[in-house]
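A quick write-up on the structure given underneath.
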Number of protein chains: 2
Amino acid sequence: MATTIPGYDYDAAAPSPVSAEELQQLRENVLFGPDDEVALKQAGDVLSDQVEDVLDVWYDFVGSHRHLLHPFTGADGEPHDDYLARVRTRFGQWIRDTCERPYDARWLAYQEEIALRHTPARKNRTDAVESTSYVPLRHVITLIYPITATIRPFLEKSGLPAETVEAMHEAWRKSVILQVALWSRPYAAQLW
Amino acid sequence: MATTIPGYDYDAAAPSPVSAEELQQLRENVLFGPDDEVALKQAGDVLSDQVEDVLDVWYDFVGSHRHLLHPFTGADGEPHDDYLARVRTRFGQWIRDTCERPYDARWLAYQEEIALRHTPARKNRTDAVESTSYVPLRHVITLIYPITATIRPFLEKSGLPAETVEAMHEAWRKSVILQVALWSRPYAAQLW
Ligand code: HEM
Ligand code: HEM
(Lines give C-alpha, C1' and ligand atoms only; values in the text may rest on other atoms or scores of the structure.)
(Ligands and ions follow the chains in the order given, each with its own letter.)
Protein backbone atom coordinates (compact mmCIF):
# COMPACT_ATOMS: atom_id res chain seq x y z
CA MET A 1 0.00 0.00 0.00
CA ALA A 2 2.73 2.43 0.99
CA THR A 3 4.21 2.60 -2.50
CA THR A 4 0.89 3.62 -4.06
CA ILE A 5 0.69 6.93 -2.14
CA PRO A 6 2.07 9.84 -4.21
CA GLY A 7 4.88 11.63 -2.38
CA TYR A 8 5.06 9.14 0.46
CA ASP A 9 8.80 8.39 0.47
CA TYR A 10 9.17 6.57 3.76
CA ASP A 11 12.14 4.48 2.71
CA ALA A 12 13.91 7.25 0.80
CA ALA A 13 14.10 10.02 3.42
CA ALA A 14 17.60 11.19 4.32
CA PRO A 15 18.87 10.28 7.79
CA SER A 16 17.57 12.59 10.52
CA PRO A 17 19.94 14.99 12.27
CA VAL A 18 18.24 13.89 15.49
CA SER A 19 20.28 11.27 17.33
CA ALA A 20 19.01 8.04 18.86
CA GLU A 21 19.99 9.47 22.25
CA GLU A 22 17.94 12.63 21.70
CA LEU A 23 14.96 10.51 20.67
CA GLN A 24 15.42 8.40 23.78
CA GLN A 25 15.30 11.53 25.97
CA LEU A 26 12.10 12.66 24.31
CA ARG A 27 10.58 9.23 24.85
CA GLU A 28 11.42 9.57 28.53
CA ASN A 29 9.90 13.06 28.66
CA VAL A 30 6.56 11.76 27.41
CA LEU A 31 6.85 8.54 29.47
CA PHE A 32 6.71 6.42 26.33
CA GLY A 33 7.46 2.80 27.19
CA PRO A 34 6.91 -0.77 25.98
CA ASP A 35 3.28 -0.75 27.17
CA ASP A 36 2.64 2.21 24.89
CA GLU A 37 4.09 0.33 21.93
CA VAL A 38 1.67 -2.51 22.61
CA ALA A 39 -1.23 -0.09 23.03
CA LEU A 40 -0.40 1.70 19.78
CA LYS A 41 -0.34 -1.61 17.90
CA GLN A 42 -3.80 -2.28 19.29
CA ALA A 43 -4.91 1.22 18.32
CA GLY A 44 -3.64 0.50 14.81
CA ASP A 45 -5.93 -2.52 14.58
CA VAL A 46 -8.86 -0.47 15.86
CA LEU A 47 -8.24 2.52 13.60
CA SER A 48 -7.23 0.74 10.39
CA ASP A 49 -10.71 0.57 8.93
CA GLN A 50 -11.78 3.94 10.37
CA VAL A 51 -9.00 6.02 8.85
CA GLU A 52 -11.26 7.81 6.36
CA ASP A 53 -13.73 8.69 9.12
CA VAL A 54 -10.94 10.10 11.27
CA LEU A 55 -9.68 12.14 8.32
CA ASP A 56 -13.20 13.44 7.70
CA VAL A 57 -13.28 14.83 11.24
CA TRP A 58 -9.84 16.44 10.95
CA TYR A 59 -10.40 17.87 7.49
CA ASP A 60 -13.73 19.30 8.64
CA PHE A 61 -11.91 20.97 11.50
CA VAL A 62 -9.20 22.42 9.26
CA GLY A 63 -11.75 23.39 6.63
CA SER A 64 -13.84 25.32 9.11
CA HIS A 65 -10.98 27.64 10.09
CA ARG A 66 -9.61 30.12 7.57
CA HIS A 67 -6.27 30.33 9.33
CA LEU A 68 -5.85 26.54 9.19
CA LEU A 69 -6.93 26.31 5.58
CA HIS A 70 -4.54 29.08 4.57
CA PRO A 71 -1.45 26.82 4.11
CA PHE A 72 -3.58 24.70 1.77
CA THR A 73 -4.57 27.63 -0.47
CA GLY A 74 -3.17 28.12 -3.95
CA ALA A 75 -1.78 31.19 -5.68
CA ASP A 76 -5.38 32.41 -6.14
CA GLY A 77 -6.05 32.34 -2.39
CA GLU A 78 -8.62 29.55 -2.76
CA PRO A 79 -8.27 26.11 -1.16
CA HIS A 80 -6.19 23.93 -3.49
CA ASP A 81 -8.28 20.77 -3.77
CA ASP A 82 -5.63 18.54 -5.33
CA TYR A 83 -3.12 19.57 -2.68
CA LEU A 84 -5.64 18.86 0.09
CA ALA A 85 -6.47 15.48 -1.44
CA ARG A 86 -2.86 14.40 -1.91
CA VAL A 87 -1.85 15.40 1.60
CA ARG A 88 -4.91 13.59 2.91
CA THR A 89 -3.73 10.22 1.62
CA ARG A 90 -0.35 10.69 3.28
CA PHE A 91 -2.08 11.83 6.46
CA GLY A 92 -4.02 8.56 6.46
CA GLN A 93 -0.78 6.63 6.11
CA TRP A 94 0.65 8.66 9.00
CA ILE A 95 -2.11 7.36 11.28
CA ARG A 96 -1.07 3.82 10.37
CA ASP A 97 2.64 4.59 10.71
CA THR A 98 2.13 6.18 14.12
CA CYS A 99 0.55 2.95 15.35
CA GLU A 100 2.46 0.31 13.42
CA ARG A 101 6.00 1.44 12.63
CA PRO A 102 8.92 0.85 14.98
CA TYR A 103 10.26 4.21 16.15
CA ASP A 104 13.74 3.52 14.73
CA ALA A 105 16.24 5.46 12.61
CA ARG A 106 14.08 5.06 9.49
CA TRP A 107 11.02 6.41 11.31
CA LEU A 108 13.13 9.28 12.64
CA ALA A 109 14.28 10.03 9.09
CA TYR A 110 10.71 10.31 7.87
CA GLN A 111 9.78 12.43 10.90
CA GLU A 112 12.38 14.92 9.78
CA GLU A 113 10.96 14.78 6.26
CA ILE A 114 7.46 15.54 7.61
CA ALA A 115 8.95 18.37 9.67
CA LEU A 116 10.67 19.89 6.63
CA ARG A 117 7.52 19.61 4.55
CA HIS A 118 5.84 22.03 6.98
CA THR A 119 8.65 24.59 6.53
CA PRO A 120 10.07 26.70 3.68
CA ALA A 121 12.72 24.02 3.15
CA ARG A 122 10.30 21.56 1.61
CA LYS A 123 6.66 22.73 1.67
CA ASN A 124 4.77 22.43 -1.68
CA ARG A 125 7.57 20.53 -3.45
CA THR A 126 6.22 17.03 -2.98
CA ASP A 127 2.96 17.93 -4.69
CA ALA A 128 4.43 20.54 -7.06
CA VAL A 129 1.95 23.18 -5.90
CA GLU A 130 2.10 26.93 -5.41
CA SER A 131 0.99 27.76 -1.90
CA THR A 132 2.15 29.53 1.28
CA SER A 133 5.79 28.91 2.16
CA TYR A 134 5.33 27.34 5.60
CA VAL A 135 2.86 26.10 8.18
CA PRO A 136 3.12 28.35 11.28
CA LEU A 137 4.58 26.41 14.20
CA ARG A 138 1.94 27.75 16.60
CA HIS A 139 -0.77 26.00 14.62
CA VAL A 140 1.14 22.72 14.51
CA ILE A 141 1.60 22.77 18.30
CA THR A 142 -1.99 23.72 19.12
CA LEU A 143 -3.37 21.05 16.79
CA ILE A 144 -2.04 18.52 19.30
CA TYR A 145 -5.28 19.12 21.16
CA PRO A 146 -7.88 18.26 18.50
CA ILE A 147 -5.69 15.49 17.01
CA THR A 148 -5.53 13.78 20.39
CA ALA A 149 -9.03 14.57 21.72
CA THR A 150 -10.99 13.57 18.61
CA ILE A 151 -9.37 10.14 18.32
CA ARG A 152 -11.11 8.87 21.47
CA PRO A 153 -14.54 8.02 20.02
CA PHE A 154 -12.84 5.99 17.29
CA LEU A 155 -10.89 4.04 19.89
CA GLU A 156 -14.08 3.52 21.88
CA LYS A 157 -15.85 2.04 18.85
CA SER A 158 -13.62 -1.01 19.34
CA GLY A 159 -15.81 -2.05 22.26
CA LEU A 160 -12.61 -2.93 24.15
CA PRO A 161 -12.56 -2.52 27.95
CA ALA A 162 -12.29 1.05 29.29
CA GLU A 163 -8.72 0.48 30.54
CA THR A 164 -7.63 -0.66 27.10
CA VAL A 165 -9.22 2.37 25.44
CA GLU A 166 -7.51 4.56 28.02
CA ALA A 167 -4.13 2.91 27.37
CA MET A 168 -4.49 3.32 23.61
CA HIS A 169 -5.51 6.94 24.03
CA GLU A 170 -2.59 7.81 26.34
CA ALA A 171 -0.13 6.10 23.97
CA TRP A 172 -1.59 8.13 21.09
CA ARG A 173 -1.24 11.38 23.07
CA LYS A 174 2.39 10.60 23.92
CA SER A 175 3.22 9.79 20.33
CA VAL A 176 1.60 12.90 18.84
CA ILE A 177 3.35 15.17 21.37
CA LEU A 178 6.66 13.40 20.69
CA GLN A 179 6.24 13.81 16.95
CA VAL A 180 5.34 17.49 17.16
CA ALA A 181 8.49 18.00 19.24
CA LEU A 182 10.49 16.31 16.47
CA TRP A 183 8.76 18.44 13.84
CA SER A 184 9.69 21.64 15.68
CA ARG A 185 13.40 21.02 14.95
CA PRO A 186 13.73 22.93 11.66
CA TYR A 187 11.64 25.77 13.12
CA ALA A 188 13.86 26.30 16.14
CA ALA A 189 17.25 25.45 14.58
CA GLN A 190 19.98 25.78 17.20
CA LEU A 191 17.47 26.37 20.02
CA TRP A 192 15.74 23.05 19.37
CA MET B 1 0.86 37.22 47.36
CA ALA B 2 2.02 37.91 43.83
CA THR B 3 4.29 40.76 44.87
CA THR B 4 6.21 38.59 47.35
CA ILE B 5 7.57 36.23 44.67
CA PRO B 6 11.07 37.24 43.55
CA GLY B 7 11.21 37.84 39.80
CA TYR B 8 7.48 37.47 39.28
CA ASP B 9 6.74 40.65 37.31
CA TYR B 10 3.25 39.93 36.06
CA ASP B 11 2.18 43.56 35.86
CA ALA B 12 5.47 44.88 34.49
CA ALA B 13 5.97 42.66 31.42
CA ALA B 14 6.18 44.50 28.09
CA PRO B 15 3.25 44.06 25.70
CA SER B 16 3.38 40.82 23.73
CA PRO B 17 4.07 40.87 19.99
CA VAL B 18 1.24 38.31 19.74
CA SER B 19 -2.02 39.96 18.70
CA ALA B 20 -5.44 39.39 20.23
CA GLU B 21 -6.50 37.90 16.89
CA GLU B 22 -3.63 35.42 16.90
CA LEU B 23 -4.51 34.42 20.45
CA GLN B 24 -8.12 33.97 19.40
CA GLN B 25 -7.05 31.61 16.59
CA LEU B 26 -5.00 29.54 19.00
CA ARG B 27 -7.96 29.36 21.39
CA GLU B 28 -10.02 28.01 18.51
CA ASN B 29 -7.35 25.47 17.61
CA VAL B 30 -7.44 23.99 21.12
CA LEU B 31 -11.24 24.37 21.34
CA PHE B 32 -10.92 26.64 24.37
CA GLY B 33 -14.31 28.13 25.25
CA PRO B 34 -16.31 29.64 28.11
CA ASP B 35 -16.89 26.20 29.68
CA ASP B 36 -13.14 25.76 29.93
CA GLU B 37 -12.80 29.09 31.71
CA VAL B 38 -15.34 27.92 34.27
CA ALA B 39 -13.61 24.54 34.59
CA LEU B 40 -10.22 26.17 35.09
CA LYS B 41 -11.59 28.40 37.85
CA GLN B 42 -12.85 25.25 39.56
CA ALA B 43 -9.48 23.59 39.02
CA GLY B 44 -7.89 26.62 40.67
CA ASP B 45 -10.00 26.07 43.77
CA VAL B 46 -9.11 22.38 43.82
CA LEU B 47 -5.38 22.90 43.24
CA SER B 48 -4.79 25.98 45.39
CA ASP B 49 -3.87 24.08 48.54
CA GLN B 50 -2.12 21.27 46.66
CA VAL B 51 0.35 23.44 44.76
CA GLU B 52 3.39 22.29 46.73
CA ASP B 53 2.45 18.64 46.21
CA VAL B 54 2.08 19.19 42.47
CA LEU B 55 5.46 20.91 42.37
CA ASP B 56 7.02 18.00 44.31
CA VAL B 57 5.88 15.63 41.56
CA TRP B 58 7.16 17.85 38.74
CA TYR B 59 10.47 18.65 40.42
CA ASP B 60 11.00 14.93 41.10
CA PHE B 61 10.43 14.28 37.42
CA VAL B 62 12.86 16.99 36.30
CA GLY B 63 15.36 15.99 38.97
CA SER B 64 15.38 12.37 37.84
CA HIS B 65 16.47 13.24 34.28
CA ARG B 66 19.94 14.68 33.67
CA HIS B 67 18.83 16.29 30.42
CA LEU B 68 15.96 18.11 32.16
CA LEU B 69 18.09 19.18 35.09
CA HIS B 70 20.77 20.53 32.77
CA PRO B 71 19.19 23.98 32.24
CA PHE B 72 19.10 24.31 36.04
CA THR B 73 22.81 23.59 36.51
CA GLY B 74 25.34 26.27 37.42
CA ALA B 75 28.76 27.09 36.01
CA ASP B 76 30.14 24.06 37.93
CA GLY B 77 27.75 21.68 36.16
CA GLU B 78 25.92 20.90 39.40
CA PRO B 79 22.22 21.63 40.00
CA HIS B 80 21.90 25.23 41.16
CA ASP B 81 19.71 24.93 44.24
CA ASP B 82 18.86 28.61 44.62
CA TYR B 83 17.89 28.82 40.97
CA LEU B 84 15.69 25.73 41.26
CA ALA B 85 14.06 27.12 44.40
CA ARG B 86 13.37 30.57 42.97
CA VAL B 87 11.90 29.19 39.76
CA ARG B 88 9.79 26.82 41.83
CA THR B 89 7.95 29.65 43.57
CA ARG B 90 7.14 31.26 40.20
CA PHE B 91 6.08 27.88 38.85
CA GLY B 92 3.63 27.59 41.74
CA GLN B 93 2.23 30.99 40.88
CA TRP B 94 1.93 29.88 37.25
CA ILE B 95 -0.40 27.06 38.29
CA ARG B 96 -2.62 29.65 39.99
CA ASP B 97 -2.39 32.08 37.07
CA THR B 98 -3.27 29.35 34.57
CA CYS B 99 -6.49 28.70 36.48
CA GLU B 100 -7.39 32.15 37.76
CA ARG B 101 -6.18 34.87 35.41
CA PRO B 102 -8.21 36.17 32.50
CA TYR B 103 -6.38 35.38 29.26
CA ASP B 104 -6.16 39.04 28.26
CA ALA B 105 -3.42 41.35 26.96
CA ARG B 106 -1.70 41.42 30.36
CA TRP B 107 -1.67 37.61 30.52
CA LEU B 108 -0.36 37.52 26.95
CA ALA B 109 2.40 39.92 27.95
CA TYR B 110 3.53 37.66 30.77
CA GLN B 111 3.30 34.61 28.49
CA GLU B 112 5.85 36.30 26.24
CA GLU B 113 8.00 37.03 29.28
CA ILE B 114 7.89 33.34 30.30
CA ALA B 115 8.73 32.38 26.73
CA LEU B 116 11.76 34.70 26.64
CA ARG B 117 12.96 33.43 30.01
CA HIS B 118 13.39 30.00 28.41
CA THR B 119 15.56 31.44 25.60
CA PRO B 120 18.93 33.21 25.34
CA ALA B 121 17.07 36.54 25.34
CA ARG B 122 16.21 36.35 29.02
CA LYS B 123 17.22 33.04 30.68
CA ASN B 124 19.16 33.40 33.97
CA ARG B 125 18.70 37.16 34.22
CA THR B 126 15.74 37.18 36.58
CA ASP B 127 17.63 35.19 39.19
CA ALA B 128 21.10 36.56 38.32
CA VAL B 129 22.52 33.07 37.86
CA GLU B 130 25.13 31.56 35.57
CA SER B 131 23.61 28.61 33.78
CA THR B 132 22.93 27.23 30.29
CA SER B 133 21.79 29.84 27.80
CA TYR B 134 18.41 28.32 26.86
CA VAL B 135 15.92 25.54 27.50
CA PRO B 136 15.72 23.33 24.37
CA LEU B 137 12.31 23.71 22.70
CA ARG B 138 11.95 19.94 22.27
CA HIS B 139 11.94 19.50 26.04
CA VAL B 140 9.38 22.26 26.56
CA ILE B 141 7.02 20.67 24.02
CA THR B 142 7.40 17.12 25.30
CA LEU B 143 6.84 18.22 28.89
CA ILE B 144 3.25 18.91 27.86
CA TYR B 145 2.67 15.23 28.49
CA PRO B 146 3.77 14.87 32.13
CA ILE B 147 2.47 18.36 33.04
CA THR B 148 -0.99 17.40 31.83
CA ALA B 149 -1.07 13.71 32.84
CA THR B 150 0.17 14.14 36.41
CA ILE B 151 -2.38 16.82 37.30
CA ARG B 152 -5.27 14.35 37.18
CA PRO B 153 -4.88 12.70 40.62
CA PHE B 154 -4.81 16.17 42.18
CA LEU B 155 -8.04 17.09 40.41
CA GLU B 156 -9.57 13.79 41.52
CA LYS B 157 -8.73 14.52 45.18
CA SER B 158 -11.52 17.11 45.03
CA GLY B 159 -14.06 14.30 45.21
CA LEU B 160 -16.06 16.16 42.56
CA PRO B 161 -18.13 14.12 40.04
CA ALA B 162 -16.20 12.33 37.27
CA GLU B 163 -17.57 14.68 34.57
CA THR B 164 -16.36 17.71 36.52
CA VAL B 165 -12.89 16.19 36.95
CA GLU B 166 -12.86 15.41 33.24
CA ALA B 167 -13.88 18.97 32.35
CA MET B 168 -11.19 20.46 34.59
CA HIS B 169 -8.59 18.11 33.12
CA GLU B 170 -9.49 18.89 29.50
CA ALA B 171 -9.41 22.62 30.22
CA TRP B 172 -5.98 22.19 31.81
CA ARG B 173 -4.71 20.27 28.77
CA LYS B 174 -5.99 22.94 26.39
CA SER B 175 -4.40 25.73 28.39
CA VAL B 176 -0.99 24.05 28.70
CA ILE B 177 -0.87 23.29 24.97
CA LEU B 178 -1.95 26.86 24.19
CA GLN B 179 0.73 28.29 26.44
CA VAL B 180 3.49 26.11 25.02
CA ALA B 181 2.46 27.31 21.56
CA LEU B 182 2.81 30.91 22.79
CA TRP B 183 6.19 30.12 24.35
CA SER B 184 7.48 28.70 21.05
CA ARG B 185 7.33 32.18 19.48
CA PRO B 186 10.85 33.40 20.23
CA TYR B 187 12.23 29.98 19.25
CA ALA B 188 10.66 29.98 15.80
CA ALA B 189 10.83 33.72 15.03
CA GLN B 190 9.33 34.40 11.58
CA LEU B 191 8.14 30.78 11.22
CA TRP B 192 6.00 31.01 14.37
C1 HEM C 1 -0.45 17.86 15.29
C2 HEM C 1 -0.63 18.56 14.18
C3 HEM C 1 -0.33 18.06 12.78
C4 HEM C 1 -0.15 16.79 12.31
C5 HEM C 1 -0.22 15.48 13.08
C6 HEM C 1 0.15 16.90 10.89
C7 HEM C 1 0.43 15.83 10.06
C8 HEM C 1 0.80 15.94 8.73
C9 HEM C 1 1.19 14.84 7.90
C10 HEM C 1 1.27 13.40 8.34
C11 HEM C 1 1.49 15.36 6.67
C12 HEM C 1 1.95 14.58 5.45
C13 HEM C 1 3.42 14.26 5.54
C14 HEM C 1 3.89 13.54 4.31
O15 HEM C 1 4.10 14.23 3.28
O16 HEM C 1 4.02 12.30 4.36
C17 HEM C 1 1.27 16.77 6.73
C18 HEM C 1 1.47 17.65 5.70
C19 HEM C 1 0.96 18.92 5.69
N20 HEM C 1 0.37 19.57 6.75
FE21 HEM C 1 0.39 18.93 8.64
N22 HEM C 1 0.11 18.21 10.53
C23 HEM C 1 -0.20 18.95 11.64
C24 HEM C 1 -0.41 20.31 11.67
C25 HEM C 1 -0.68 21.05 10.55
C26 HEM C 1 -1.32 22.34 10.54
C27 HEM C 1 -1.78 23.09 11.78
C28 HEM C 1 -1.42 22.71 9.24
C29 HEM C 1 -2.01 23.95 8.63
C30 HEM C 1 -2.40 25.01 9.33
C31 HEM C 1 -0.83 21.67 8.44
C32 HEM C 1 -0.71 21.72 7.07
C33 HEM C 1 -0.06 20.79 6.31
C34 HEM C 1 0.29 20.95 4.93
C35 HEM C 1 -0.01 22.17 4.07
C36 HEM C 1 0.93 19.79 4.54
C37 HEM C 1 1.55 19.50 3.17
C38 HEM C 1 3.00 19.92 3.22
C39 HEM C 1 3.70 19.72 1.86
O40 HEM C 1 3.59 20.63 1.03
O41 HEM C 1 4.33 18.66 1.68
N42 HEM C 1 -0.39 20.68 9.27
N43 HEM C 1 0.85 17.11 8.00
C1 HEM D 1 5.17 22.43 29.56
C2 HEM D 1 6.41 22.60 29.99
C3 HEM D 1 6.89 23.74 30.87
C4 HEM D 1 6.20 24.58 31.68
C5 HEM D 1 4.69 24.61 31.93
C6 HEM D 1 7.15 25.48 32.27
C7 HEM D 1 6.83 26.53 33.12
C8 HEM D 1 7.73 27.43 33.62
C9 HEM D 1 7.39 28.57 34.41
C10 HEM D 1 5.98 28.95 34.84
C11 HEM D 1 8.54 29.25 34.69
C12 HEM D 1 8.69 30.53 35.53
C13 HEM D 1 8.33 31.72 34.71
C14 HEM D 1 8.54 32.97 35.52
O15 HEM D 1 9.70 33.40 35.66
O16 HEM D 1 7.52 33.51 36.04
C17 HEM D 1 9.61 28.52 34.08
C18 HEM D 1 10.93 28.89 34.12
C19 HEM D 1 11.96 28.01 33.80
N20 HEM D 1 11.81 26.78 33.22
FE21 HEM D 1 10.13 26.05 32.42
N22 HEM D 1 8.39 25.16 31.83
C23 HEM D 1 8.28 24.08 31.00
C24 HEM D 1 9.33 23.41 30.42
C25 HEM D 1 10.62 23.48 30.89
C26 HEM D 1 11.64 22.52 30.64
C27 HEM D 1 11.49 21.24 29.81
C28 HEM D 1 12.76 22.95 31.28
C29 HEM D 1 14.14 22.34 31.37
C30 HEM D 1 14.55 21.29 30.67
C31 HEM D 1 12.43 24.19 31.91
C32 HEM D 1 13.33 24.98 32.61
C33 HEM D 1 13.04 26.21 33.13
C34 HEM D 1 14.04 27.12 33.64
C35 HEM D 1 15.55 26.88 33.71
C36 HEM D 1 13.35 28.26 34.06
C37 HEM D 1 13.96 29.53 34.63
C38 HEM D 1 14.21 30.48 33.47
C39 HEM D 1 14.86 31.78 33.93
O40 HEM D 1 16.11 31.79 34.04
O41 HEM D 1 14.14 32.77 34.19
N42 HEM D 1 11.12 24.50 31.65
N43 HEM D 1 9.10 27.43 33.43
Side-chain angles (χ1 to χ4, degrees), chain A residues 18 21-32 36 61-62 64-68 70 118-121 123 133-150 152 166 169-171 173-192, chain B residues 18 21-32 36 61-62 64-68 70 118-121 123 133-150 152 166 169-171 173-192:
Chain A
V18 177
E21 191 193 348
E22 285 167 330
L23 173 60
Q24 177 55 28
Q25 291 174 352
L26 299 185
R27 289 172 70 119
E28 289 173 21
N29 290 355
V30 299
L31 300 155
F32 192 89
D36 295 298
F61 187 76
V62 168
S64 65
H65 291 94
R66 272 180 89 83
H67 63 272
L68 295 179
H70 189 242
H118 286 85
T119 72
K123 187 172 177 288
S133 64
Y134 68 99
V135 176
L137 178 62
R138 65 188 185 275
H139 294 314
V140 178
I141 295 175
T142 46
L143 252 62
I144 291 171
Y145 187 80
I147 296 264
T148 54
T150 60
R152 179 128 195 152
E166 186 66 18
H169 196 195
E170 289 304 303
R173 286 189 214 281
K174 293 175 185 184
S175 179
V176 173
I177 293 170
L178 172 63
Q179 291 182 64
V180 168
L182 291 171
W183 301 347
S184 72
R185 201 207 55 78
Y187 290 89
Q190 71 280 19
L191 298 181
W192 182 71
Chain B
V18 177
E21 191 194 349
E22 286 167 329
L23 174 60
Q24 177 55 27
Q25 291 175 351
L26 298 184
R27 289 172 70 119
E28 288 173 21
N29 289 356
V30 300
L31 300 155
F32 193 90
D36 295 299
F61 187 77
V62 168
S64 65
H65 291 93
R66 271 182 89 83
H67 62 273
L68 295 178
H70 189 241
H118 285 86
T119 72
K123 188 172 178 287
S133 63
Y134 68 99
V135 176
L137 178 62
R138 65 188 186 275
H139 295 314
V140 178
I141 295 175
T142 46
L143 251 62
I144 291 171
Y145 186 81
I147 295 263
T148 53
T150 59
R152 180 127 194 152
E166 187 66 18
H169 196 194
E170 289 305 303
R173 286 188 213 280
K174 293 175 185 185
S175 178
V176 173
I177 293 170
L178 172 64
Q179 292 183 64
V180 168
L182 291 170
W183 300 347
S184 72
R185 201 207 54 78
Y187 288 89
Q190 72 280 19
L191 299 180
W192 182 72

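Here is the naming used below: chain letters follow the sequence lines, and residue numbers restart at 1 for every chain.
In this structure, the salt bridge (Lys or Arg N to Asp or Glu O under 4.0 Å) partners of B:Glu170, at least two apart in sequence or on a different chain, are B:Arg173. Scored by the side chain to side chain donor-acceptor pair (under 3.5 Å) test, A:Ser184 finds A:Trp192 as partners (sequence neighbours excluded).
Looking at A:His139, both its backbone and its side chain come within 4.5 Å of chain B, counting heavy atoms on both sides. In this structure, no portion of A:Leu182 lies under 4.5 Å from any heavy atom of chain B. Heavy atoms closer than 4.5 Å to chain B are found in the side chain of A:Phe61, but not in its backbone.
Atom CD of B:Gln179 is separated from atom OG1 of A:Thr142 by 13.0 Å, given to the nearest 0.5 angstrom. For the atom pair A:Ile141 CD1 and B:Leu137 CG, the distance stands at 6.0 Å (nearest 0.5 Å). Distance check: B:Glu21 CD to A:His67 NE2 gives 9.5 Å after rounding to the nearest 0.5 Å. Taking CG of B:Leu31 as the reference point, atom OG1 of A:Thr150 lies at 9.0 Å (rounded to 0.5 Å).
Chosen from A:His118, A:His65, A:Arg66, A:Arg185, the residue pairing most often with chain B at heavy-atom distances under 4.5 Å is A:His65. Ranking B:Thr148, B:Val135, B:Leu68 against chain A, the residue ahead of the rest is B:Leu68, based on heavy-atom pairs under 4.5 Å.
The backbone N or O of A:Phe32 sits nowhere less than 3.5 Å from a side-chain atom of B:Tyr145 that would complete a donor-acceptor pair.
Checking B:Ile144, B:Asn29, B:Val30, B:Val176 one by one against A:Ile144, the side-chain contact (heavy atoms from CB on, under 4.5 Å) holds for a single residue, B:Ile144.
Between A:Pro120 and B:Leu191 there is a side-chain heavy-atom pair separated by less than 4.5 Å.
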